[in-house]
Asks: 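One structure follows; several queries about it will come next.
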2 protein chains.
Amino acid sequence: MCGIDKNMHNSQYLTPQQEKVLNFIRQRIGERLPPTIREIGEALGFKSTGTVRDYLKVLIQKGWVKKMDNKSRGIELTERSAFGKIPIIGTIMAGKPNLAYEEIQGYVDADDLFLGRLGFNDVFALRVKGDSMVGAGILEGDIAVIKKRPDAANNDIVAALLDSNEVTLKRLSSRSGKFHLEAANPDYPPIFEEFKVIGKLITVIRKY
Amino acid sequence: MCGIDKNMHNSQYLTPQQEKVLNFIRQRIGERLPPTIREIGEALGFKSTGTVRDYLKVLIQKGWVKKMDNKSRGIELTERSAFGKIPIIGTIMAGKPNLAYEEIQGYVDADDLFLGRLGFNDVFALRVKGDSMVGAGILEGDIAVIKKRPDAANNDIVAALLDSNEVTLKRLSSRSGKFHLEAANPDYPPIFEEFKVIGKLITVIRKY
DNA sequence: TGACAAGGCACACATTTGTGTGGTATAGAT
DNA sequence: ATCTATACCACACAAATGTGTGCCTTGTCA
């Protein structure tokens, strides 16, 4: 017959060549765009589009990629091979550890973490300086991702604009009937001066 | 002449129509793939590819998008309109606030934060349970992003596999000449039993 | 009133891209 | 000996996609 069917038995395990193709696809999708068939061939030294298409068939059959028919650059990664997604392997029970390693529970999508379904103009980030929020686990150097003009409620951590035209990250509190700002560090007193809530803290990121 | 040049003066500010086109492009790039010209036209109700191309010209001229010539789906966002990038507007001086709002210092690339230049198989995430690391600003529910088999050094926070086949997040310490694990919470004693370092903590993410 | 920007359209054409058909060669398994 | 998987190539064809040329209407501004 012909070489259309590269591999129909070993469901899932890839040969070195097949892995090379998959890795190239992952790389390209991670960088910018899914490659075209011809781009894959060119990059990996295949002279025929048929060769590449055969590899794609295998990768699809083994569950590593998906394809949108008749769409240019229509290659997608399946969840198992997704780039830019970090597998959540388990839970760290920090006090009394208790979880088996290597059980993927799901994925964290890098983008979703920040933006979710938010409009792209509604989110920005601030780098935290100072230690007034250490009590809430927010340290100097952390990146605070803020959602603009949200429905900030009592006890939310917010970025607030003070009269002095400065921005600060504090917890919104209404213990006294009227809203004021509270640090999460006993060394810093509550702020009762005028302020405007710029946005609400939705994510904290710390790089080591 | 002809309608090729939609807008050559107002550098940068977009008309509502132009913004609609840009937003559609952002949405599509954010979702999966940059759209083709015809996909844009279809989605926004334009009957001519020329119309869309004219809009693209304007958006390029005004600096909101770039294009790769003769490449299908070759539309890219420029930094200012980038989706998935969070502008770092400033620094929060948490103790003594001190930063003017609305001065973009740069961008945080969602993907870079985690993966950087790492291979996609080297990184995974764990959800933190328990409070043994509160002293290091790591709280229950945080997502700990771990880089596998790294060069973990003294004082690094690592994910370690204990003899009990459980994983825990602790600080690597060698105060006693030999490595052991330390919690960042006085309630938890150091761990001197056998362990294997699985990986090193590179990022902490907390969603509110 | 005439230039010009914004906001459109039609359609031809070239290129890119995906798909289909048919090959070749090697190696291991039955 | 035959079958199958891996690993390739060549080429034709069609569909998707990008590009080029020309034209129209409306509103504003000088």
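Chain letters run A, B, ... following the sequence lines, proteins first and then strands; every chain starts at 1.
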Asks: Taking only side-chain nitrogens and oxygens of A/N70, does any of them come within less than 4.0 Å of OP1 or OP2 of C/dT19?
Replies: yes
Asks: Do any N or O atoms from the side chain of B/R28 and from the backbone of B/P34 form a donor-acceptor pair under 3.5 angstrom?
Replies: no
Asks: Rounded to whole angstroms, how far apart are CD1 on B/I37 and P on C/dC9?
Replies: 14 Å
Asks: Looking at A/R73, does any N or O in its side chain come under 4.0 Å of the phosphate oxygens OP1/OP2 on C/dT17?
Replies: yes
Asks: Quick one: is D/dT19 close enough that its OP1 or OP2 comes under 4.0 Å of any side-chain N or O from B/K67?
Replies: yes
Asks: Given atom CZ of A/R38 and atom C1' of D/dT17, what is their separation to the nearest angstrom?
Replies: 13 Å
Asks: Hey, is the side chain of A/T15 poking within less than 4.0 Å of OP1 or OP2 on D/dA5, counting only N and O atoms?
Replies: no
Asks: Once you round it to whole Å, what is the distance between C1' of C/dA5 and CD of B/Q18?
Replies: 10 Å
Asks: To the nearest angstrom, how far is B/I40 atom CD1 from C/dG7 atom P?
Replies: 16 Å
Asks: Which nucleotide in the set C/dG18, C/dC9, D/dA10 lies at the smallest distance from any side-chain heavy atom of A/K47?
Replies: D/dA10
Asks: Ignoring backbone atoms, test whether A/K71 places a side-chain nitrogen or oxygen under 4.0 Å from the OP1 or OP2 oxygen of D/dA15.
Replies: no
Asks: Over how many whole Å does the gap from B/E39 atom CD to D/dG18 atom C1' extend?
Replies: 13 Å
Asks: Answer yes or no: is there a donor N or O on one side and an acceptor on the other, between the side chain of B/T168 and the main chain of B/A160, under 3.5 Å?
Replies: no
Asks: Between C/dA10, D/dG20, D/dC11, which one does the side chain of A/S48 approach most closely?
Replies: D/dC11
Asks: So, OP1 or OP2 of D/dG18: does either fall under 4.0 Å of a side-chain N or O from B/T49?
Replies: no
Asks: I need the single residue from A/V58, A/V21, A/L22 that forms a side-chain contact (heavy atoms from CB on, under 4.5 Å) with A/V65. Which is it?
Replies: A/L22
Asks: Has the side chain of A/N154 got a donor or acceptor atom that lies under 3.5 Å from a matching backbone atom of A/S174?
Replies: yes
Asks: Could you tell me how far apart A/Y55 (OH) and D/dC8 (C1') are, to the nearest whole angstrom?
Replies: 7 Å
Asks: Between C/dC9, D/dC8, D/dA10, which nucleotide has the shortest distance from any of its atoms to the side chain of A/Q17?
Replies: D/dC8
Asks: Roughly how many Å is it from CG in B/L14 to C1' in C/dA5, rounded to a whole number?
Replies: 15 Å
Asks: Which nucleotide in the set D/dT19, D/dG18, C/dC9 lies at the smallest distance from any side-chain heavy atom of B/D54?
Replies: C/dC9
Asks: Taking B/S132 for the side chain and B/A183 for the main chain, is one N or O donor matched with an acceptor at less than 3.5 Å?
Replies: no
Asks: Take atom CD of B/E42 and atom C1' of D/dT17, then tell me their distance rounded to the nearest Å.
Replies: 13 Å
Asks: OP1, OP2 of C/dT17 versus side-chain N and O of B/S72: anything below 4.0 Å?
Replies: yes
